[in-house]
Amino acid sequence: MEKSSLPLNEWHSMKSQRAINRLHSFIHGAALSVLFYYRITSISAIAKTNSPILILPHLLIFTAELTLSCLWLLSQASLWNPVARTAYPERLPGDNHLPSVDMFVCTADPAKEPSLEVMNTVISAMALDYPPDKLHLYLSDDGGSPVTLRALRRAREFAKVWIPFCRKYRVQERCPGVYFMREESGGGGSDDHFFVDKKAIEKAYEDFKNSLGNIIAEADVKASRDHSPIIEVINDGNSNGTDSSNDDEVPLVVYVAREKRPSHPHNFKAGALNVLLRVSGMISNSPYILSLDCDMYCNDPTSARQAMCFHLDTKLSRNLAFVQFPQIFHNIRHNHDIHDGALRFIWTKWEGLNGLNGPGLAGTAFYIKREALYGIRKLQPDANPNQLKEHYGSSNDFIKSISKIFRPNYPTNALLTDVALQKEVQLLASCSYDNGTKWGKEVGYRYFAVVEDYFTGFNLHCEGWNSVYLNPSRPCFLGSSPMSLGDTLVQNTRWFLGLGQVALSKYSPLVYGALRMSVLQSMVYAELAFYAIYFLPVYILALVPQLCLLAGIPLYPEVSSPFFAVFVFIFLSSQLKHAQEVMAYGDSLTTWVNEQRVWVMKSLTSYFFASVNAILEKIGLTKASFVPTSKIMDDEVAKLYKIGKFDFQAPPIFMVILCTLYMVNLASFVVGFGRILQNGRMNEMVMQAFVPLFGVVMHYPLMEGMVLRKDVGRVSPSVSILSVAISSIVSAYAALVAC
């Protein structure tokens, strides 16, 4: 095939969005400077009165405003120059010239991650529109479950008939579970042959599902935390002797369960990925790697080709570490995302980072260069064997593989017969292999924080690598987002604990990053690392103005003051800018309300507990833990989500906090506004009365869950009673201060 002179990809600056962002940044920033002038002069005037009871709430409010302003300033870096990219896979060279790709899929617990969903992800990856001999799939089973191994064998058997069917009829939906649910008709078959073949493949899929059900019924689905390494090439020799006529159509499939022992740290997902990195390096050794979560199936079979439009671009390839696709969730209803599960604010930032040196890693749906993970550039060209072993461990065979990334080290099925290779991969998957090496520090996926994606991407950018964010019109990958409020809050607690670990360490982006990357890029990383600090101003603004309203202490300028307009402008400016970003992304004002509501809920619960745990871990009182989010969908929870109702069966401590603060806001508005009218202090206190009113209206679903709802997702009566009791005590104390 003749090489095309046309570019493989293009980029364009999002000029209108950039202009809006920059104009708002300057105007809003000027208004904040006026606000700070007012606060400083007001606090100075109060200090001269020698009244501590008055100065403390003003200092707290100023702390909240200062914190919000600092985080706002950091957020401007990702808005400065948003860039969109486009790939042209039809311009790639012929299949013979395409590099091979290793595909990593990680699962940990068959009880929480249903085998059928995991295998649908596996099959969709195996069916990518890419030369099958250049695709190699590695499934990491961190639970070491026989259920997952047996399910993978059956998935490969089904793939041997599914993949040829997809290629023959140019099927775009390569995930079989979704294909049959949507009744896609295929791209090139409207004759009798297509319908006959479709009927046969549908029966094969039903047989496949039934076989998985039988496997689950016969075996223990519990995840193991104490097992030896298991590495197995899945082929017809260990797959019940099925016909092998379609072997050439099916990528290599390898099952990997690394060794886990209770006495050894396993480094969460990063540890599992590094084992896959080493094992795959000994077998297929592809130069590029696709990393997928077990619930993130391939929705567009051309994703590998789209990624190669950047990895094979001679202008980008030398320093390009990875191509990141967005995580898009098939179970989130458009404009009905009550949990803010779509993570829109992340992808907005990734567009901004596209205009710098590229986005960070987002955990899944990225094609990464093996060379970047190996950290080869940090080694001297004449590094001796001892230095190499210090970096990569004791396996000489693995060290040899590093210098020949572009070709396999062994024949495809060598693991079945080669005793030496079997022994070597067992060593590479052992729990002690990382000891005394650079794995997790300078080599592979990084171990320091439970957010291995953020920390690995951050380090790669610090080392001079670039990245690309690609968001094509057809989503390349689709996953599932938590459907319950409890799962959402727990998941966010885990994420922001990991980010807090980085923020409180020597790797803090404001210091470590600023010395190794552009200032704007380090600001974006810093905003994410310190994001959980939002809990502080949210707690202050959810309590201090309300209690001071009950106590009759004014905290904001009078209506007649020129500074009143400044405070109103800042509030409207921030809200309207958020609404503009939501609508520019294609969502409605309903999404804006949902994002506002859930952001406050996360701040009061997830961000607070994440920050506390990060601090406790920093001083050595706790250790980080990781529990996979359940992917099993509860029917009642799904019904509530479809009608836009929260499932409030979240951890009780979370719900007590949310309900208590809601009741404090409700009481302060009702009692405080009554006193304002009675005492004629409307001019002085009207802004302060608006704060609890806004909170009460915005979070009305909490009141509904406490009082009006009778379904299974309502707030627990015990939580409601405890919240009312606590809020009554707090409000009564504040009211007594005024007497």
Side-chain angles (χ1 to χ4, degrees), residues 67 71 74 106 108-109 112 142 225 265-273 293 327 339-341 343 345-346 349 360-364 440-441 445-459 481-482 484-513 524-539 598-631 650-658:
T67 304
L71 290 170
L74 291 177
C106 293
D109 188 344
K112 293 185 176 182
D142 234 21
R225 293 179 175 82
H266 54 82
N267 296 306
F268 311 114
K269 184 180 176 183
L273 286 168
D293 284 345
Q327 295 180 43
H339 299 126
D340 189 22
L343 307 176
F345 82 105
I346 288 290
K349 296 184 186 308
L361 284 177
T364 183
K441 301 171 186 173
Y445 297 85
R446 309 306 164 89
Y447 292 157
F448 178 76
V450 294
V451 283
E452 84 294 326
D453 49 354
Y454 169 92
F455 193 55
T456 300
F458 173 63
N459 274 274
S481 179
S484 72
L485 180 63
D487 284 346
T488 298
L489 297 179
V490 170
Q491 183 185 68
N492 276 265
T493 302
R494 183 176 71 241
W495 287 346
F496 287 95
L497 165 61
L499 293 170
Q501 290 173 319
V502 179
L504 297 177
S505 72
K506 67 178 181 179
Y507 299 106
S508 177
L510 287 178
V511 180
Y512 187 88
V524 180
Y525 273 110
E527 183 198 0
L528 292 172
F530 289 95
Y531 200 86
I533 294 179
Y534 270 118
F535 87 87
L536 179 61
V538 173
Y539 262 101
V598 175
W599 175 76
V600 172
M601 290 182 178
K602 290 176 181 177
S603 297
L604 296 172
T605 57
S606 302
Y607 302 164
F608 171 69
F609 283 99
S611 299
V612 170
N613 287 338
I615 293 170
L616 292 177
E617 186 193 359
K618 180 68 176 178
I619 61 180
L621 294 181
T622 63
K623 289 186 178 180
S625 61
F626 179 91
V627 177
T629 305
S630 177
K631 308 301 190 300
I653 184 64
F654 286 1
M655 292 311 305
V656 168
I657 291 172
L658 295 176

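Keep in mind the model is a prediction, meaning the values are calculated, not measured.
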(request) Would you mind reporting whether Leu528 and Ile346 have side-chain heavy atoms less than 4.5 Å apart? (result) yes

(request) Indicate yes or no: at least one non-hydrogen side-chain atom of Asp142 is less than 4.5 angstrom from one of Cys106. (result) no

(request) On the 0 to 90° scale, with breaks at 30° and 60°, tag the Phe654-Phe609 ring pair as parallel, tilted or perpendicular. (result) tilted

(message) Please list all pairs meeting salt bridge (charged side-chain N to carboxylate O under 4.0 Å, His left out) that have one or both residues in residues 500-509, counting only residues at least two apart or in different chains.
(response) none

(message) Show the nearest heavy-atom pair for residues Val502 and Ala449, with the distance to one decimal.
(response) CG2-CB, 3.8 Å

(message) Taking Gly341's backbone N and O only, do any of them form a donor-acceptor pair with His339's side chain (distance below 3.5 Å, no angle check)?
(response) no

(message) Show the nearest heavy-atom pair for residues Pro509 and Ala526, with the distance to one decimal.
(response) CB-N, 3.6 Å

(request) Could you grab the distance from atom CG of Asn267 to atom CG of Leu273, nearest 0.5 Å is fine? (result) 11.5 Å

(message) Do Thr67 and Ile533 make a side-chain contact, defined as non-hydrogen atoms from C-beta onward lying under 4.5 Å apart?
(response) yes

(message) As an exercise, state the distance from OH of Tyr531 to OG of Ser603, rounded to the nearest 0.5 Å.
(response) 7.0 Å

(message) Centroid separation under 6.0 Å, is that true for the rings of Trp599 and Phe345?
(response) no

(request) Report the relative orientation of the aromatic rings in Phe448 and Phe455; use parallel for angles under 30°, tilted for 30 to 60°, perpendicular for over 60°. (result) tilted

(message) Between Thr488 and Ser484 (side chain of the first, backbone of the second, donor and acceptor by atom type, cut-off under 3.5 Å), is there such a pair?
(response) yes

(request) Can you run down the salt bridge (charged side-chain N to carboxylate O under 4.0 Å, His left out) pairs that involve residues 527-538, sequence neighbours left out, and say none if there aren't any? (result) Lys349-Glu527

(message) To the nearest 0.5 Å, what is the distance between CG on Leu485 and NZ on Lys602?
(response) 9.5 Å

(message) Can you confirm whether Phe496 sits close enough to Ser606 that some side-chain heavy atom of one is under 4.5 Å from a side-chain heavy atom of the other?
(response) no

(message) Could you report the tightest heavy-atom contact between Gly363 and Lys269, atom names first, then the distance?
(response) O-NZ, 2.9 Å

(request) With rounding to the nearest 0.5 Å, note down the distance linking OH in Tyr454 to OH in Tyr525. (result) 7.0 Å

(message) Applying salt bridge (Lys or Arg N to Asp or Glu O under 4.0 Å) to Asp109 and Arg225, what does each step give before you reach the verdict?
(response) CA-CA 10 Å; Asp109 188 344; Arg225 293 179 175 82; 5.7 Å; no

(message) For the OG1 atom of Thr456 and the CZ atom of Arg446, what is their distance to the nearest 0.5 Å?
(response) 6.0 Å

(message) Would you say that Leu74 contacts Val524 through its side chain, given a criterion of any heavy-atom pair below 4.5 Å between the two side chains?
(response) no

(request) For ring-ring contact (aromatic ring centres under 6.0 Å, His included), just list the numbers for Phe535 and Tyr607, CA-CA rounded to whole Å, side-chain angles, deciding distance to a tenth of an Å, and then say yes or no. (result) CA-CA 6 Å; Phe535 87 87; Tyr607 302 164; 8.8 Å; no

(message) Under the side-chain contact (heavy atoms from CB on, under 4.5 Å) test against Tyr534, which residue among Leu71, Val600, Leu604 passes?
(response) Leu71

(request) Kindly determine whether Phe458 and Tyr507 satisfy ring-ring contact (aromatic ring centres under 6.0 Å, His included), including the steps that lead there. (result) CA-CA 9 Å; Phe458 173 63; Tyr507 299 106; 7.5 Å; no

(request) Please check if the side chain of Gln501 supplies one atom and the backbone of Ala614 the other of a donor-acceptor pair under 3.5 Å. (result) no

